[in-house]
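Please read the structure below before turning to the comments.
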Amino acid sequence: MMLSIFSNANAQTVADIYSLDQYQSRVHQDNDTLYVVNFWATWCAPCVQEIPYFVALSKEYARLPIKFVLVSLDAKDKLDGVRTFLRRKEINLETHLLSAGDPNVWINALEPSWQGSIPATFLYQKGAKLNFKESSFENQKELASFIKNK
């Protein structure tokens with residue numbers, strides 16, 4: 001079930017809780033769209049600091065086949081808090097809260113080199129993972145470079 005969090009008809013939506021299978025179905029699509037997926041949490045200061053870079057690039061790249069997706073790792077009982085955070089910060093990117101069970105299992109399934117720290121960013125295209133970064137971006141230019149050098 002998708003819930004609209006903005007009154008603007010062009011705004012994105014925040015999903016209820018996503019399972020690992022739902023996440024993988026979303027990003028492993030066999031199409032030309034580049035999926036830029038950022039794992040974050042409302043309690044993670046570096047995560048919150050870099051979200052505006054994703055928002056700005058989503059506007060800059062609006063006419064390109066690039067989709068920005070935020071995946072919150074907040075506890076599933078904090079979904080309302082995530083929605084409030086997104087509204088307050090006027091973040092209108094597609095956002096899902098991941099509830100996938102044991103992180104030691106799903107983290108390794110997504111990226112064996114991932115130590116589990118956030119923020120972490122993945123690039124997917126044509127059903128495959130292209131790149132991964134387990135740290136924050138210092139600025140919007142660094143994020144843009146990561147995306148361009150997929």
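The structure presented is a predicted model; accordingly, all values stated were derived computationally and were not measured. Quick note: residue numbers are just sequence positions, from 1.
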**OP:** Give a yes or no answer on whether the side chain of Ser58 reaches the backbone of Val55 with a donor-acceptor pair at less than 3.5 Å.
**Re:** yes
**OP:** Measure from the side-chain N and O atoms of Glu60 to the backbone N and O of Ala56, and report whether any donor-acceptor pair falls under 3.5 Å.
**Re:** no
**OP:** Using modelled atom types only, decide if a donor and an acceptor are shared between the side chain of Asn149 and the backbone of Ser145 within a distance under 3.5 Å.
**Re:** yes
**OP:** Taking only Lys NZ, Arg NE, NH1 and NH2, and the carboxylate oxygens of Asp or Glu, determine whether Lys133 and Glu111 approach each other closer than 4.0 Å.
**Re:** no
Original post:
Are side-chain N/O atoms of Asn139 and Glu50 paired as donor and acceptor at under 3.5 Å?
Top reply: no
**OP:** Could you label the plane-to-plane angle of the Phe132 and Phe122 rings as parallel, tilted or perpendicular, counting under 30° as parallel and over 60° as perpendicular?
**Re:** tilted
Original post:
Any chance the rings of Trp40 and Phe54 have centres within less than 6.0 Å?
Top reply: no
Subject >> Leu57 versus Gln140, closest heavy-atom pair with distance >> reply: CD2-NE2, 3.6 Å
**OP:** Carefully, step by step, assess Thr121 and Val36 under the rule side-chain contact (heavy atoms from CB on, under 4.5 Å).
**Re:** CA-CA 7 Å; Thr121 304; Val36 180; 4.2 Å; yes
**OP:** Give the intermediate values and the outcome of side-chain contact (heavy atoms from CB on, under 4.5 Å) for residues Leu20 and Val105.
**Re:** CA-CA 10 Å; Leu20 183 59; Val105 173; over 6 Å; no
Original post:
Say you draw a straight line from NE2 of His28 to OH of Tyr35; how long is it, rounded to the nearest 0.5 Å?
Top reply: 11.0 Å
Subject >> Atom of Gln125, atom of Asp32 and distance for their closest heavy-atom approach >> reply: NE2-O, 2.7 Å
Original post:
Heavy atoms, side chains only, cut-off 4.5 Å: are Arg26 and Lys67 in contact?
Top reply: yes
**OP:** Please lay out, stage by stage, how Ile91 and Leu70 fare under the test side-chain contact (heavy atoms from CB on, under 4.5 Å).
**Re:** CA-CA 10 Å; Ile91 299 166; Leu70 300 177; 3.9 Å; yes
**OP:** Check step by step if side-chain contact (heavy atoms from CB on, under 4.5 Å) holds for Glu90 and Arg87.
**Re:** CA-CA 5 Å; Glu90 298 180 357; Arg87 272 192 302 269; over 6 Å; no
**OP:** Check the pair Ser117, Glu134 against side-chain hydrogen bond (donor to acceptor under 3.5 Å, both in side chains), reporting the backbone distance first and the verdict last.
**Re:** CA-CA 7 Å; Ser117 65; Glu134 183 177 18; 2.9 Å; yes
Subject >> From Lys148 atom NZ to Lys141 atom NZ, the distance as rounded to the nearest 0.5 Å >> reply: 9.5 Å
Subject >> Gap between atom CD of Gln115 and atom CG of Asn108 - 0.5 Å precision >> reply: 10.0 Å
Subject >> Within the 6.0 Å centroid threshold, strictly below: His96 and Tyr23 >> reply: no
Subject >> Distance-only polar pair, side chains of Ser72 and Asp74, donor-acceptor under 3.5 Å >> reply: yes
Subject >> Which atom of Leu110 lies closest to which atom of Gln24, heavy atoms considered >> reply: CD2-NE2, 3.8 Å
Original post:
Say you draw a straight line from NZ of Lys126 to CG of Asp30; how long is it, rounded to the nearest 0.5 Å?
Top reply: 7.0 Å
**OP:** Could you label the plane-to-plane angle of the Phe68 and Tyr61 rings as parallel, tilted or perpendicular, counting under 30° as parallel and over 60° as perpendicular?
**Re:** parallel
Subject >> Closest heavy-atom pair and its distance - Lys129, Tyr124 >> reply: CA-CD2, 3.6 Å
Subject >> Heavy-atom pair with the smallest gap, counting every atom of Leu73 and Trp106 >> reply: CD2-CH2, 3.7 Å
Original post:
With no hydrogens and no angle check, is any side-chain donor or acceptor of Thr95 less than 3.5 Å from a backbone partner on Leu93?
Top reply: yes
Original post:
What are the two closest non-hydrogen atoms of Val48 and Thr42, and how far apart are they?
Top reply: CG2-O, 3.6 Å
Original post:
If we only count heavy atoms from C-beta on, is the Trp43 to Ile118 side-chain gap below 4.5 Å?
Top reply: yes
Original post:
So among Asn38, Leu98, Val27, which one has a side-chain contact (heavy atoms from CB on, under 4.5 Å) with Val71?
Top reply: Leu98
Original post:
Can you tell me how far the CG atom of Leu97 sits from the OG atom of Ser99, to the nearest 0.5 Å?
Top reply: 7.0 Å
Subject >> Reported OG1-to-NZ distance for the pair Thr84 and Lys89, which is rounded to 0.5 angstrom >> reply: 13.0 Å
